Q: 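Pasting a structure here, questions to come.
Source: prediction; values computed, not measured. Remember, it's 1-based here, ligands and their atoms both numbered in the order they're listed.
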Amino acid sequence: MEIIKAKSAGFCFGVKKAMEVVYQQLEQAGELPIYTFGPLIHNEEVVKELEAKGVKVIENQQELENLTEGIVIIRSHGVSREIYQIMEKNGLTCVDATCPFVKRIHRIVEAESARGKRIVIIGNDGHPEVEGIKGWCNLPATVLEGTEEAQNFTSDPEEKICIVSQTTFNYNKFKDLVEIFVKKGYDISVVNTICNATEERQTEAQEIAAKADAMIVIGGTHSSNTRKLYEICKNECENTHFIQTLDDLHLDLPKSVGLVGITAGASTPNNIIEEVQNYVRINF
Ligand code: SF4
């Protein structure tokens with residue numbers, strides 16, 4: 001039996017950087033308490049490991065407002081302008097691990113909304129990255145993710161609109177939604193802010209799943225990019241399994257299985273992927 005592990009499986013550039021930043025702070029911080037604003041990545045194992053080393057998670061803005069001492073690490077998703085302001089007001093040390101690709105979106109929406117444009121974010125409302133982006137717009141932004149929402153969108157015909165995307169949004173879906181805006185005749189400027197890491201990961205997963213007899217997708221249950229990977233693989237390969245760690249894997253493979261594919265979301269550590277790969281190699 002052959003095993004193919006996707007080259008793009010696991011930590012993306014932004015998550016790798018955020019992990020490095022946290023470990024650097026653990027070495028340098030001394031007596032100061034270290035916090036992350038929200039769980040560093042969507043992976044319970046990693047968050048537990050960091051907690052054991054003393055890194056605490058700030059769950060919401062209220063908690064941050066009550067904090068007056070320590071180092072606060074901003075995760076790769078980024079945060080709104082207001083969060084930086086609270087940290088400054090409270091005398092907290094901010095260590096910014098926002099992914100540069102997300103930072104770029106903040107800069108775009110800040111500049112475009114300052115020019116009076118209405119910002120439309122194509123993405124999942126409520127996702128921390130989208131909440132952060134919204135917080136850099138000078139006027140309330142519109143968030144939409146479905147065809148119906150795009151079709152129902154109305155605006156003053158004179159209004160200029162700037163469309164950006166959540167970094168992990170599906171490119172084809174983004175194109176379809178932009179097309180709806182074009183057909184409506186609005187004055188739009190479009191910036192494709194989808195991150196290549198996501199696109200590459202999705203394309204590779206699809207290619208592997210298309211030829212695999214069984215496919216394993218590893219990632220946190222709250223990770224939206226892992227869930228999307230699972231959907232893509234399931235579409236190509238009925239025998240697709242979504243697991244968080246090796247403990248969740250209950251593979252019952254028939255003798256005829258020739259190829260098992262493995263991929264993982266952006267917040268899955270390498271050791272978990274390797275563990276699964278070794279297990280499959282030894283047991284089947
Ligand atoms: Fe950055 Fe892309 Fe990773 Fe998001 S998926 S953290 S944008 S590299």
Q: Does any N, O or S atom of C12, backbone or side chain, fall under 2.8 Å from atom 1 (Fe) of ligand 1?
A: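 It does not; every qualifying atom lies at 2.8 Å or beyond.
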Q: Would you call the rings of F13 and F101 parallel, tilted or perpendicular if under 30° counts as parallel and over 60° as perpendicular?
A: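 Plane angle between 30° and 60°, so tilted.
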Q: Just let me know how A266 lines up against ligand 1, side chain, backbone, both or neither, with a heavy-atom cut-off below 4.0 Å.
A: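 For A266, no heavy atom sits under 4.0 Å from ligand 1.
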Q: Which residue holds the protein heavy atom closest to atom 2 (Fe) of ligand 1, what is that atom called, and what is the gap in Å?
A: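 That would be C195 SG, 2.3 Å.
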Q: Going by the atom numbers of ligand 1, which of them fall below 4.0 Å from some non-hydrogen atom of G14?
A: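 Listed by number with element: 1 (Fe), 3 (Fe), 6 (S), 8 (S).
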Q: Do R107 and E110 meet the salt-bridge criterion of a basic N to acidic O distance under 4.0 Å?
A: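 R107 and E110: salt-bridged.
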Q: Give me the nearest non-hydrogen protein atom to atom 4 (Fe) of ligand 1 as residue plus atom name, then the distance to 0.1 Å.
A: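 Here the nearest protein heavy atom works out to T167 OG1, 3.8 Å.
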Q: Please tell me whether E145 and Q166 have a donor and an acceptor in their side chains that are separated by less than 3.5 angstrom.
A: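 No - no donor-acceptor pair under 3.5 Å links their side chains.
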Q: Can you list the steps and then say if S155 with I161 is a side-chain contact (heavy atoms from CB on, under 4.5 Å)?
A: CA-CA 9 Å; S155 164; I161 298 169; 4.1 Å; yes
Q: Starting from atom 1 (Fe) of ligand 1, locate the nearest protein heavy atom and write down its residue, its atom name and how far away it is, to 0.1 Å.
A: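 Going atom by atom, the protein heavy atom closest to atom 1 (Fe) of ligand 1 ends up being C99 SG, 2.3 Å.
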Q: Taking NZ, NE, NH1 and NH2 as the nitrogens, is one of them in K134 or E131 under 4.0 Å from a carboxylate oxygen of the other?
A: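 A salt bridge is present here (some side-chain N lies under 4.0 Å from a carboxylate O).
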